[in-house]
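Each chain gets a letter, A, B and so on, in the order the sequences are listed, and its residues count up from 1.
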Amino acid sequence: MTGSGGSALEVLAAGPGTTVQDLGRPGLAALGVGRSGAADRPSLRLANRLLGNDEGAAAVEVTLGGLTVRAVGGVHVALTGAPCPLAVDGRDAAANAVHWLPDGAELSLGMPPVGLRSYLAVRGGLDVPPVLGSRSQDTLAGLGPEPVTEGTVLPVGPAPQADPVVDAAPVDPPTADEVVLRVRLGPRDDWFTDEAVRTLFAQAYRLSSDSDRVGARLEGPALERSDTQELPSEGMVLGSLQVPPSGQPTIFLADHPVTGGYPVIGVVDPRDVPLAAQARPGQTVRFRRSAS
Amino acid sequence: MRCLPCGEAGLLVELDDLEQVLAMHAALQEVPPPGVVDLVPAARTLLLQLDPALTDPGAVAEVVRFTTLQPGAAPAADSVEIAVVYDGADLADVAEHTGMGPREVVQAHTGQEWRVAFCGFSPGFGYLVAQDDRLHVPRRSTPRTRVPAGAVGLAGEFGGIYPRESPGGWQLIGRTDATLWDVERDPPALLVPGTRVRFVEVGA
């Protein structure tokens, strides 16, 4: 199967965590449907801009590399986000740059030295059928395109009118060091002890290996509650720092639930959520208090 | 009413009760404040999701504070009948918790009008409330790893129906063939906030 652009990407190896993502499906939260979409939106947008696509065109989000695709018909591609070593028919190629894959060419992604999530976009965008207006796979809700596995053929849409105007973008790779995230307290910081609030901004946390598109789970000093009554379920925003009974916070990422039943002590600045989405298991995370 | 910012892109409006949540949801749906992209009603709160490029929580809170609630104003929504076979695995437990017999539980479930307060948990899962509190029961102490689609359950002050197979901790009293969620339908959820629901008993 090929797209209306006549070309496609055939998946030869899917890697440990590969999904199709665009900018998600906003406006449906009252039906219990979260926005979903790329975990690192600026990287998806950059990949699309490099190719002359609409910024919200669907691309492949690849976690820790491992993806190999074969071009069906010639396609232009670009890789952004975590800088996977990139090979086109065995020849090294650069991230954050536009590459031509002739018909039958194979592109493979190694494991990135830093960062977690990479975006492989194709000129024309991936043309899988949208569900409720989006081509994002919501891993929590089970909505959107089928999971990407070996043998999946991803059709490519028609090339946009605009031509790509740059060959490469000079962007910094995600940091391998400590990740610092700005946090605004609330809405439920008053459910925690003063000591818990001090601890949140004074101590380092470690990103757990039990992290996914729903949330970045953290390990570190427990945040103790002063109010232990049950919280009626309430709406949660992207970047919420939800604290379950263990006291170990989780940063809610793209596929977070619409409502939750544990208090949110603070919310990560929307500009810093992509940094949280690029943090790797084992990496150190610190929170800096932003003015409220 | 309290307005609590959720970072730069959210405002959580805390209200006295579910009636107020529904009335505020109806009012803001009618005339959404500029820059508000999504409304998330819940048991005691309404979350407003904002586009931080267009507005901020403080500006939206001003609009919310000046919003007049019509007492008893419910969002205009359809009413649906849902046919249920009352053979759930927890029917006997619910009877014990409520001090009623299983037949009385079924009569209490079918004998009053329910209303969708809000959605959450999974797409199309509506939290239903009824007029009286006879069917208020705790969740199961051990959640089931697999609850089948169409299972009709109770938990706390709410009733609900599982739109698809999932883990779950609600007390199951019956099952229905109704299609709760269909992405080809508009809206895809059968039970949207405000919908009035009548349960009707049918034979297995």
Side-chain angles (χ1 to χ4, degrees), chain A residues 24-36 129-134 138 140-144 181-191 230-242 251-252 257-261 263-273 290-292, chain B residues 2-14 18 21 25 29 36-53 57-58 75 116-127 156-158 163-166 180-181 183-184 186-194:
Chain A
R25 42 183 80 80
L28 298 170
L31 302 183
V33 176
R35 176 160 182 166
S36 189
V131 175
L132 299 176
S134 165
D138 183 332
L140 181 72
L143 271 179
L181 306 173
R182 288 166 290 182
V183 167
R184 179 167 169 170
L185 285 176
R188 299 291 176 197
D189 51 307
D190 58 348
W191 283 50
E230 206 170 319
L231 180 74
S233 185
E234 64 187 19
M236 304 269 153
V237 296
L238 183 72
S240 288
L241 266 171
Q242 197 194 48
I251 307 169
F252 273 163
V258 172
T259 59
V264 169
I265 190 170
V267 178
V268 174
D269 189 301
R271 291 163 292 184
D272 292 351
V273 168
S290 62
S292 52
Chain B
R2 282 208 304 166
C3 289
L4 306 168
C6 300
E8 319 293 313
L11 182 76
L12 191 69
V13 182
E14 199 175 47
L18 190 53
V21 173
H25 185 218
Q29 219 170 17
V36 170
V37 293
D38 223 339
L39 299 169
V40 191
R44 299 283 176 273
T45 56
L46 180 68
L47 173 68
L48 284 67
Q49 294 187 344
L50 325 174
D51 180 344
V116 183
F118 58 95
C119 294
F121 180 63
S122 73
F125 190 99
Y127 288 75
E157 61 187 303
F158 300 110
R164 59 181 187 132
E165 186 186 303
S166 68
L180 279 299
W181 179 256
V183 293
E184 304 298 327
D186 184 21
L190 179 66
L191 305 180
V192 304

In terms of heavy-atom proximity below 4.5 Å to chain A, should [X] be classed as side chain, backbone, both, or neither?
{"X": "L39(B)", "answer": "backbone"}
{"X": "E184(B)", "answer": "neither"}
{"X": "T45(B)", "answer": "side chain"}

If every non-hydrogen atom of [X] is compared with every non-hydrogen atom of [Y], which pair is closest and at what distance?
{"X": "R2(B)", "Y": "D190(A)", "value": "NH1-OD2, 3.8 Å"}
{"X": "C119(B)", "Y": "T259(A)", "value": "O-CG2, 4.2 Å"}
{"X": "G235(A)", "Y": "A42(B)", "value": "N-CB, 4.2 Å"}
{"X": "R164(B)", "Y": "A141(A)", "value": "NH2-O, 3.0 Å"}
{"X": "L31(A)", "Y": "V192(B)", "value": "CD2-CG1, 3.4 Å"}

Report yes if the side chains of [X] and [Y] come closer than 4.5 Å at any heavy-atom pair, otherwise no.
{"X": "W181(B)", "Y": "V33(A)", "answer": "yes"}
{"X": "V37(B)", "Y": "P26(A)", "answer": "no"}
{"X": "L47(B)", "Y": "M236(A)", "answer": "no"}

Find the one option among P5(B), S166(B), G120(B), P57(B) whose heavy-atom pairs under 4.5 Å with chain A are most numerous.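 Option with the top pair count is P5(B).
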Name the option with the most non-hydrogen atom pairs under 4.5 Å to chain A; the candidates are V40(B), L48(B), D186(B).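 Max contact count across the listed options: V40(B).
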Which answer fits [X], side chain, backbone, both or neither, if we ask what part of it has an atom under 4.5 Å from a heavy atom of chain B?
{"X": "V264(A)", "answer": "neither"}
{"X": "L132(A)", "answer": "side chain"}
{"X": "R188(A)", "answer": "side chain"}
{"X": "L238(A)", "answer": "neither"}
{"X": "D189(A)", "answer": "neither"}

Do R44(B) side-chain atoms and L231(A) backbone N/O form a donor-acceptor pair below 3.5 Å?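 Absent.
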